[in-house]
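Here is the structure we will look at, set down as structure tokens.
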There are 2 protein chains.
Amino acid sequence: MLVLITYDVNTETEAGKKRLRKVAKACQNYGQRVQNSVFECIIDPARFKQLQSNLEVLINKDVDSLRYYYLGDEENARVEHVGAKKPMDLKGTLIA
Amino acid sequence: MLVLITYDVNTETEAGKKRLRKVAKACQNYGQRVQNSVFECIIDPARFKQLQSNLEVLINKDVDSLRYYYLGDEENARVEHVGAKKPMDLKGTLIA
């Protein structure tokens with residue numbers, strides 16, 4: 001399944017900057033970075049549960065947030081990219 | 001239809017900071033901000049075309065990017081939010 005992870009980490013403190021780096025690193029082990037705080041993961045449910053628990057202990061839930069968008073089968077995902085740093089197409093239907 | 005818009009705008013310059021504000025403002029007229037650079041829009045195709053053209057003249061395509069994720073009917077969208085600033089549920093199935 002294809003899951004999109006987007007996150008906001010409050011970087012007003014050094015601890016926040018550290019959390020941001022760790023969240024990005026944790027995502028990098030499971031998927032592709034497509035924008036600064038956006039990752040696409042083609043992943044099975046068990047491994048995704050693992051990633052979720054890794055991420056959720058890293059963030060400060062009072063000031064940071066994670067969003068997971070379940071996009072179904074990667075073949076059917078409809079995604080368009082406009083502008084710089086177009087990432088590799090994770091088998092989704094990258095239209096533009 | 002529900003469309004997710006994510007964007008990265010290079011803010012190393014004053015012009016970039018201005019572009020970022022304008023992109024956010026343009027999105028706000030059509031949808032809900034769910035994270036700093038992430039908007040959800042329940043929108044019909046014609047209005048979405050209008051939003052796209054508004055956004056695509058605002059960004060600098062050499063250094064900024066926009067991604068559009070077509071999530072289908074808002075009723076079927078599977079979205080999870082963990083942490084701060086949980087936005088209102090745009091009729092999607094906000095699971096957590």
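A, B, ... follow the sequence lines: proteins, then strands. Residue 1 opens every chain.
- For A:Asn36, the parts lying near chain B are the backbone and the side chain together; criterion is any non-hydrogen pair under 4.5 Å.
- Of the two parts of B:Leu66, the backbone and the side chain both hold a non-hydrogen atom closer than 4.5 Å to a non-hydrogen atom of chain A.
- Salt bridge annotation for A:Glu80-A:Lys86: absent, with no cationic side-chain nitrogen under 4.0 angstrom from a carboxylate oxygen.
- Neither side chain, B:Gln35 nor A:Ser37, offers a donor N or O lying under 3.5 Å from an acceptor on the other.
- Taking every heavy atom of both residues into account, A:Leu4 and A:Glu40 meet most closely at CD1-CG, 3.7 Å.
- With sequence neighbours left out, the side-chain contact (heavy atoms from CB on, under 4.5 Å) criterion links A:Lys18 to A:Arg21, A:Lys22.
- For the pair B:Ala84 and A:Ser65, the tightest heavy-atom approach, listed with the atom from each and the gap, is O-CB, 3.3 Å.
- Applying the ring-ring contact (aromatic ring centres under 6.0 Å, His included) test to residues at least two apart or on different chains, the pairs with a partner in residues 42-67 of chain B are B:Phe48-B:Tyr68, B:Phe48-B:Tyr70.
- Between A:His81 and A:Lys85, the shortest heavy-atom contact is CE1-O, 3.6 Å.
- Within residues 6-16 of chain B, the residues having any heavy atom closer than 4.5 Å to a heavy atom of chain A are B:Thr6, B:Tyr7, B:Asp8, listed by residue number.
- Taking all atoms of both residues into account, the shortest heavy-atom contact from B:Asp44 to B:Met1 is C-CE, 4.3 Å.
- Considering every non-hydrogen atom in both A:Met88 and A:Gln32, the closest pair reads O-NE2, 2.9 Å.
- One distance of note links OH of A:Tyr69 with CD1 of A:Ile5; it measures 12.5 Å at 0.5 Å rounding.
- Listed by sequence position, B:Gln52, B:Glu56, B:Ile59, B:Lys61, B:Asp62, B:Val63 are the residues of residues 51-63 of chain B in contact with chain A, using a 4.5 angstrom heavy-atom cutoff.
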